[in-house]
Amino acid sequence: MLKERLITQLPKTRIESTEFRFVPRHIGIMMDGNGRWAQARGLSRRDGHRFGTLNVRRALDACARYGIRIVTLYVFSTENWGRPRDEITGFFELLAEVIDRETENFRREGVRLIHSGSLDGIPPVLAEKVTRAVANTRANRAYTLNVAFNYGGRAEILRAVQEILRAPISADAISEELFERYLYTAGLGDMDLVIRTGGDQRLSNFFPWQAAHGVFYSTPTFWPDFDERELRRALQVYNQFWQAQNKM
Ligand code: IPE
Ligand code: IPE
Ligand code: MG
């Protein structure tokens, strides 16, 4: 508990959101580096994931202060099933706790929760919590939080193809606009900025369709340390890119 208080009591530096000319509408975050963050402190990977989940609240608050209305978080990839069983179980327990803890906040803040991914193979209690949270927040409009949980980008595209064929829709009627409606992110639009923490510059099957035109930003900072200042740095890079484009 003491450890958790440390992170929730970090001072919040308020930054004016008018600072940036270009504010991404939709950002994606690949929250990587929990394990290495913990290792560097002599903690367990599970502790790393615990601090990682605690940091979600801080990151979402920072996004809101900058006027970002749609955030997609990479929580668990289909490739993550390859991890040790007890790490996966512990991770699922943490997720269930987060959903319970955040439910009331989502209602108060007007957050609509969307799930991208499959619930196949997910423990029934957790699957039920996800389904309920999505249903209960459906009418919320202030922010959208898209949770990529048991998500894989290629699987998402194949699923869309299957549903289009099943509809059935004729080949000539298939456009980018139509295709998008069959993705988990239907209606959310393109990802303008993708942030990856933990230093790797890999795409890891993260929304290949939606992020096709996005700006990719990688920071060596591990996810539990990613704060408002870090987000600000990412937004600076995003603005440098768009300012340069606008001069051409
Ligand atoms: C990211 O942290 C969280 C998930 C992928 C679930 P990692 O667990 O990948 O941490 P590192 O990359 O090993 O440090
Ligand atoms: C990417 O992190 C997936 C999530 C952040 C959930 P990983 O640590 O699983 O990275 P890769 O797939 O090995 O690159
Ligand atoms: Mg990793």
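Along the sequence shown, the residues carry numbers beginning at 1. Both counts, for ligands and for their atoms, begin at 1 and track the order of listing.
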- Per-atom contacts, ligand 1 versus Arg45 - under 4.0 Å to a heavy atom: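 By the 4.0 Å cutoff, the relevant atoms are 7 (P), 8 (O), 10 (O), 13 (O).
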Between Asn239 and Val237, does the side-chain contact (heavy atoms from CB on, under 4.5 Å) criterion hold? Intermediate values first, please. CA-CA 5 Å; Asn239 273 263; Val237 169; over 6 Å; no
Checklist entry - Are the side chain of Asn140 and the backbone N or O of Val111 linked by a donor-acceptor pair below 3.5 Å? => result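 Between the backbone of Val111 and the side chain of Asn140 there is a qualifying donor-acceptor contact (under 3.5 Å).
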Keeping the roles fixed (side chain from Ser175, backbone from Leu178), state whether a donor-acceptor pair exists under 3.5 Å.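 Flag set: sc Ser175 to bb Leu178 pair under 3.5 Å.
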- List the atom of Arg41, the atom of Asp225, and the distance in Å for their closest heavy-atom pair.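 For Arg41 versus Asp225, the nearest heavy atoms are NH2-OD2, 3.6 Å.
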If you compare all heavy atoms of Tyr182 against all heavy atoms of Ala167, which two are closest, and at what distance to 0.1 Å?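 Looks like OH-CB, 4.2 Å.
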Practice task
Report the protein N/O/S neighbours of the Mg ion (ligand 3) that fall below 2.8 Å; do not count waters.
Solution key: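 Under 2.8 Å from the Mg ion (ligand 3) - ignoring waters, which are not counted - the protein N, O or S atoms are Asp32 OD1.
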When you measure from the centre of the six-membered ring of Trp81, is the NZ or CZ of Arg83 closer than 6.0 Å and no more than 45° off the axis?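 Because its charged atom misses either the 6.0 Å distance or the 45° angle limit, Arg83 does not stack over Trp81.
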### Query
Is it the case that one hydrophobic cluster holds both Leu73 and Ile99, taking links as side-chain heavy atoms less than 4.5 Å apart, direct or via other members?
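In one cluster with Leu73: Ile99, yes.
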### Task
Given side-chain contact (heavy atoms from CB on, under 4.5 Å), test Val23 with Ile68 step by step and report yes or no.
CA-CA 7 Å; Val23 175; Ile68 299 161; 3.9 Å; yes
inquiry  = Using 30° and 60° as the class boundaries, would you call the ring planes of Phe206 and Tyr151 parallel, tilted or perpendicular?
reply    =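 Ring orientation of Phe206 relative to Tyr151: perpendicular.
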What does the N/O contact table under 3.5 Å look like for ligand 2?
unit_1: ligand 2; atom_1: 8 (O); unit_2: Asp32; atom_2: OD1; d: 3.0
unit_1: ligand 2; atom_1: 8 (O); unit_2: Arg83; atom_2: NH2; d: 3.1
unit_1: ligand 2; atom_1: 9 (O); unit_2: Asn80; atom_2: ND2; d: 2.9
unit_1: ligand 2; atom_1: 9 (O); unit_2: Arg83; atom_2: NH2; d: 3.4
unit_1: ligand 2; atom_1: 10 (O); unit_2: Arg196; atom_2: NH2; d: 3.1
unit_1: ligand 2; atom_1: 12 (O); unit_2: Ser204; atom_2: OG; d: 3.3
unit_1: ligand 2; atom_1: 14 (O); unit_2: Arg196; atom_2: NH2; d: 3.1
unit_1: ligand 2; atom_1: 14 (O); unit_2: Arg202; atom_2: NE; d: 2.7
unit_1: ligand 2; atom_1: 14 (O); unit_2: Arg202; atom_2: NH2; d: 2.9
unit_1: ligand 2; atom_1: 14 (O); unit_2: Ser204; atom_2: OG; d: 2.6

Inset, instruction - Quick one: do Phe20 and Trp242 satisfy side-chain contact (heavy atoms from CB on, under 4.5 Å)? Show the steps, please. - result: CA-CA 11 Å; Phe20 294 113; Trp242 280 111; over 6 Å; no
